[in-house]
Amino acid sequence: MADLHVDFLGKRLAGPVIAASGTFGFGPEYAGIEDLRVLGGISGKGLTLNGQPGNEGERLYETPSGLMNSIGLQNPGVQHFIDHELPAMRRCGTTVWANLGGHTIEENVEGVQMLCAAGVDFIELNISCPNVKQGGLAFGIRAADAGEVVSAVRKVCTVPLIVKLSPQAESIPEMCKAVEAAGADAISLCNTFQACAIDLEKRRPVFNNTFAGLSGPAVRPIALRMVWQAVGAVSIPVVGLGGILTGKDALEFIMAGAAAVQVGTANFLDPKACTRITNEIGQWMDAHGVKTLDEIRGCAR
Amino acid sequence: MADLHVDFLGKRLAGPVIAASGTFGFGPEYAGIEDLRVLGGISGKGLTLNGQPGNEGERLYETPSGLMNSIGLQNPGVQHFIDHELPAMRRCGTTVWANLGGHTIEENVEGVQMLCAAGVDFIELNISCPNVKQGGLAFGIRAADAGEVVSAVRKVCTVPLIVKLSPQAESIPEMCKAVEAAGADAISLCNTFQACAIDLEKRRPVFNNTFAGLSGPAVRPIALRMVWQAVGAVSIPVVGLGGILTGKDALEFIMAGAAAVQVGTANFLDPKACTRITNEIGQWMDAHGVKTLDEIRGCAR
Amino acid sequence: MRLTVQWQDRSREPHAGQFYMLRAWAADATPILSRPISVDDFDNQTGALTFLYQVKGEGTHKLAALKKDDTLTVTGPCGNGFDTAALAGQYKRIAVVGGGIGTAPLLLLCKELCRAGVRPDLFVGFRDTTYGMDRFVPWCRDIYAATDSGKEGHHGLVTDLLDVSKYDIVLTCGPMVMMRGVAKLCAAAGVPCLASLEKKMACGLGACLGCTCHTKIGPVTVCKDGPVFNAQEVFD
Amino acid sequence: MRLTVQWQDRSREPHAGQFYMLRAWAADATPILSRPISVDDFDNQTGALTFLYQVKGEGTHKLAALKKDDTLTVTGPCGNGFDTAALAGQYKRIAVVGGGIGTAPLLLLCKELCRAGVRPDLFVGFRDTTYGMDRFVPWCRDIYAATDSGKEGHHGLVTDLLDVSKYDIVLTCGPMVMMRGVAKLCAAAGVPCLASLEKKMACGLGACLGCTCHTKIGPVTVCKDGPVFNAQEVFD
Ligand SMILES: Cc1cc2nc3c(=O)[nH]c(=O)nc-3n(C[C@H](O)[C@H](O)[C@H](O)COP(=O)(O)OP(=O)(O)OC[C@H]3O[C@@H](n4cnc5c(N)ncnc54)[C@H](O)[C@@H]3O)c2cc1C
Ligand SMILES: Cc1cc2nc3c(=O)[nH]c(=O)nc-3n(C[C@H](O)[C@H](O)[C@H](O)COP(=O)(O)OP(=O)(O)OC[C@H]3O[C@@H](n4cnc5c(N)ncnc54)[C@H](O)[C@@H]3O)c2cc1C
Ligand SMILES: Cc1cc2nc3c(=O)[nH]c(=O)nc-3n(C[C@H](O)[C@H](O)[C@H](O)COP(=O)(O)O)c2cc1C
Ligand SMILES: Cc1cc2nc3c(=O)[nH]c(=O)nc-3n(C[C@H](O)[C@H](O)[C@H](O)COP(=O)(O)O)c2cc1C
Ligand code: FES
Ligand code: FES
């Protein structure tokens with residue numbers, strides 16, 4: 001059987017598949033369903049320093065091969081996470097990725113400090129949060145804004161720092177370069193695609209915020225393009241995600257140069273998706289005489 | 001039966017559905033299959049001044065609820081179109097939209113002059129073409145580049161000018177404003193989404209150009225979001241498209257404020273898609289006591 | 001429509017008020033999400049697990065198209081359900097109130113309550129005609145039915161029939177308007193009331209926060225913290 | 001697999017070498033594109049239109065799962081096909097060369113040629129065993145078969161059997177390597193050759209330019225300008 005481990009920012013991941021933030025709780029929710037030790041890690045539900053109740057109204061909507069969500073970063077806050085969720089997350093037997101977002105640079109910095117002190121394995125900084133100081137535009141749209149928040153976080157972050165990009169970035173290559181220059185250890189992309197749906201009977205948008213995030217197989221080809229661009233733009237590792245449902249999908253990202261992949265929406269379509277995809281990658285490698293992921297990573301470029 | 005006509009830039013369109021460029025030939029291909037007189041118009045295959053043979057290698061690839069294409073703007077050139085295709089296109093009994101792209105501003109200007117002289121109903125300027133003078137970046141990415149080409153074309157364009165936007169624009173609202181300021185009479189959006197697919201067996205991208213354009217139902221929620229943004233950004237009419245397959249899909253765009261819609265990939269899934277969608281819109285209106293499209297256009301905002 | 005599957009995992013037996021995420025189609029097929037369906041009945045002798053559902057759209061349509069021996073993915077049991085042992089221990093006069101397909105989870109509830117020593121009164125509301133009532137008879141003290149059309153039973157709302165003051169607790173499952181009405185009666189009479197809620201769900205496991213309900217005690221997930229809640233906490 | 005449908009439109013009767021776009025699934029179902037399948041046979045008395053196809057992937061799998069009276073969308077007839085009347089008028093000794101499922105469009109071709117006065121010789125190559133050959137017998141002068149495995153007929157390539165110099169024209173349909181081989185033989189012998197090409201298709205109508213083939217005479221669409229081309233123009 002192929003060797004599926006990934007050396008990633010000084011840690012050894014058991015496999016190339018990491019559960020994506022917001023789709024896997026903090027891990028224990030899936031512990032009774034699949035063996036989480038074969039995963040490369042679990043990225044927990046996105047945290048904000050003080051927690052928030054999330055959005056009112058519709059939160060989920062199905063589209064062709066896609067899912068729209070408007071959870072609104074509902075989370076219990078960093079301290080509650082450290083006290084109550086982190087211990088169980090650690091017991092899942094894989095690496096702990098703390099996914100954090102914040103509306104101000106200060107919030108991000110403070111959250112990162114607390115999480116590093118609590119001993120998470122990785123920080124995944126989600127820069128898709130609307131930046132209240134910048135008039136509601138997300139940090140993740142303009143490269144300069146992203147560089148600023150990443151620089152500030154970098155100064156206090158004592159564990160490897162992954163910056164998770166939004167597909168709404170004005171330019172993926174420029175965004176990647178800015179984030180690398182600001183000190184990110186790796187990049188993950190992409191987050192959900194801003195999208196809209198209208199309820200014909202009510203004659204208004206399905207979601208209270210008008211827009212919501214689209215994920216799932218529908219977006220995979222676009223996400224793969226962005227990952228391809230990111231790998232070409234920077235020399236730090238890139239974690240690819242967006243619509244991955246099968247081992248073959250994951251292999252496309254790896255052949256495009258992704259160090260590892262994340263799996264989100266697929267967990268809802270198949271609660272064993274992360275382990276199944278891991279197995280499918282191994283089976284493909286075995287069938288093709290590929291012994292390690294390094295042999296094929298980036299081979300399509 | 002509901003009144004489906006649309007008053008658009010001084011012309012009366014029989015219905016709100018226009019066949020999208022590149023998916024409908026120049027019209028006659030579908031004339032034996034459906035009654036084209038119920039359509040609002042036909043946007044012909046994208047032209048370039050001197051024509052081009054299009055891309056080598058794979059041109060089509062299926063993705064979840066989507067289609068990737070890399071036709072590479074294969075077309076016979078403006079003069080050939082005027083001499084050979086335009087007469088038959090006129091006989092389809094609906095408005096003629098000449099879709100034009102060019103690698104330089106001069107090419108666009110010359111093409112528009114010839115097409116206007118030949119008497120097309122509308123020019124749909126496709127600014128997704130890579131701009132050879134700007135190092136290959138499309139005119140449609142930066143608002144300033146788009147403004148420049150639209151201004152130049154505007155000066156010579158004697159028929160209503162619709163500018164077709166790319167979803168790769170850095171900012172849809174800014175792009176819309178620039179195009180409006182430069183003199184566009186209307187905006188249509190969006191063109192295909194830049195995407196990537198990798199052939200695992202060959203271990204290289206499916207398409208020779210690495211990237212290709214994604215269309216179809218998969219992209220609909222993102223396209224609808226962009227149309228919503230466009231309608232909010234400008235006061236000229238917006239023609240919405242991207243993944244429309246049913247009358248209900250089309251109504252979402254109209255309720256978001258689109259003056260009319262275009263239907264592309266759906267023509268391949270159902271060669272009678274344009275007329276079926278037109279009928280479905282009418283049926284929905286009848287069932288809901290809506291007499292004209294003006295009653296519901298933009299009602300979801 | 002009724003669907004019966006074999007549930008093998010004896011370490012996690014389903015009980016009243018719990019549900020499963022059902023998927024009778026491939027991971028890459030539509031609809032993209034699995035569908036939550038309550039446990040209608042579970043026979044812990046044979047392992048037969050029954051679901052009762054109404055065909056609404058594509059998902060339930062595909063469930064209905066299942067043929068014998070087709071594969072079906074079931075994830076569960078999900079949710080808290082009713083703690084019938086505790087309820088029967090604490091309350092002696094129990095009313096169970098359901099409406100339409102909301103009666104699905106009530107059969108097992110009545111059964112479990114009955115077995116735990118309290119035979120509940122059942123109140124049901126339907127649009128036109130009642131269905132499946134015969135199965136309730138062995139497990140209930142009295143059954144009161146109402147229909148919107150008056151074709152069967154009381155012509156009107158099920159809440160018309162219900163004098164909550166006669167009960168120590170009311171358990172309800174059905175359309176939101178009905179549950180709201182029941183909760184209001186209970187609040188006025190100071191009678192405790194548990195309601196089983198519905199929300200669109202993605203994971204069914206408490207992992208996605210797609211089914212959050214904002215309550216007086218803060219945001220809760222219907223799939224994991226619920227679907228059974230103290231009605232006074234979720235309705236105002 | 002064989003599929004027969006009723007073709008009503010007598011104003012547009014299909015002929016040899018043409019094809020239809022087939023869709024046995026909804027517009028919003030996968031695969032997103034319809035599938036091109038050649039006319040295997042058409043009975044202009046009864047209107048029975050037959051397709052012969054190999055199950056390759058999802059699309060042909062769904063075709064194979066069709067049951068009697070299921071709906072199927074067929075768009076066509078598409079493409080130029082072979083102008084058998086003209087061919088039989090101009091050429092007296094005609095060889096028809098097919099491989100594998102590429103023999104599908106050849107039955108009607110042989111039939112039409114025969115009816116137009118020229119009984120062609122048929123050369124077929126298969127992997128392991130021939131199939132469907134009995135149907136060709138009435139319409140061909142001689143039938144020569146080769147298989148890769150040697151289980152049946154000549155052990156080797158169909159081109160081994162073919163002496164193109166004996167013919168006035170060669171018509172071919174099958175795998176690209178085979179057609180290339182046939183075209184090369186013909187080019188060397190100065191014998192005209194028509195080949196029926198395959199490409200992925202979206203519209204089948206000449207509207208999307210997805211099936212363009214770059215030839216010596218410029219870009220052509222396989223679906224509308226073809227699928228039958230002068231082999232010297234498409235192969236080098
Ligand atoms: C915890 C829980 C338990 C449930 N138990 C049962 C059960 O035992 N039997 C049963 O028949 N149904 C039950 N439901 C409802 C069932 O899940 C929905 O009817 C089903 O998901 C509809 O899917 P669909 O694809 O058939 O219809 P869709 O195409 O998704 O929807 C068709 C119509 O039904 C409406 N609808 C969709 N989801 C729901 C929902 N969750 N509740 C009410 N209306 C909805 C839609 O708005 C739409 O108008 C339960 C729901 C939950 C949350
Ligand atoms: C003009 C024309 C006429 C045809 N006539 C016939 C016919 O009479 N009978 C018949 O069996 N087939 C015919 N084909 C081929 C047929 O269209 C394909 O086999 C079919 O589209 C495969 O679809 P699928 O969804 O089953 O397989 P997919 O999942 O699309 O593909 C499965 C495998 O088949 C390969 N494949 C896909 N499309 C083609 C193709 N066009 N040609 C060769 N390999 C392909 C793929 O690369 C893949 O390896 C014809 C094709 C064309 C263009
Ligand atoms: C319900 C839901 C909640 C999500 N919440 C978060 C979040 O809190 N933080 C984050 O960075 N990404 C979040 N995401 C985005 C996913 O992590 C992932 O980037 C995206 O869904 C694309 O991957 P997928 O197509 O595999 O789902 C969420 C996605 C979904 C569907
Ligand atoms: C095969 C194909 C060819 C296309 N060619 C053109 C073109 O020449 N010019 C253009 O402006 N858009 C072209 N498009 C884009 C469509 O007009 C449309 O903008 C896009 O496909 C999104 O709409 P849809 O999802 O309804 O197809 C093409 C699309 C497809 C699928
Ligand atoms: S459905 Fe995911 S948390 Fe309830
Ligand atoms: S398939 Fe569209 S042009 Fe041939």
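What you see below is based on every heavy atom in this structure, not just the backbone, and it leaves out hydrogens, waters and symmetry mates. Letters A, B, ... mirror the listed sequences (proteins, then strands); counts begin at 1.
With chain A as the partner, the residue from B:Leu200, B:Leu214, B:Thr63 showing the most heavy-atom pairs under 4.5 Å is B:Leu200. The candidate with the highest count of non-hydrogen atom pairs below 4.5 Å against chain A, out of B:Lys202, B:Arg204, B:Met68, B:Glu252, is B:Glu252. Here A:Pro217 is the residue among A:Pro217, A:Gly216, A:Ala169 with the most heavy-atom pairs under 4.5 Å with chain B. Of the residues considered (A:Val219, A:Asp249, A:Thr210), A:Thr210 shows the highest number of contacts with chain B, using heavy-atom pairs under 4.5 Å. Heavy-atom pairs under 4.5 Å with chain B were tallied for A:Met226, A:Arg301, A:Glu201, A:Gln168; the largest tally goes to A:Glu201. Residue with the most contacts toward chain A among B:Gln229, B:His288, B:Arg220, B:Arg225: B:Arg225 (heavy-atom pairs, distance under 4.5 Å). Options A:Ala197, A:Gly66, A:Gly243 differ in how many heavy-atom pairs under 4.5 Å they form with chain B, and the most are formed by A:Ala197. When the candidates B:Ala223, B:Pro221, B:Cys299 are compared by the number of heavy-atom contacts under 4.5 Å with chain A, B:Pro221 comes out ahead. Between chain A and the options B:Glu170, B:Arg203, B:Lys248, the largest number of non-hydrogen pairs under 4.5 Å is found for B:Arg203. Heavy-atom pairs under 4.5 Å with chain B were tallied for A:Ala218, A:Ala212, A:Ala195; the largest tally goes to A:Ala195.
With a 4.5 Å cut-off on non-hydrogen atoms, B:Arg142 touches chain A through its side chain but not through its backbone. Heavy atoms of B:Ile296 lying under 4.5 Å from chain A belong exclusively to its side chain.
Between A:Cys196 and B:Leu224, the shortest heavy-atom distance links the atoms O-CD2, 3.4 Å.
Between B:Pro205 and A:Trp228 there is a side-chain heavy-atom pair separated by less than 4.5 Å.
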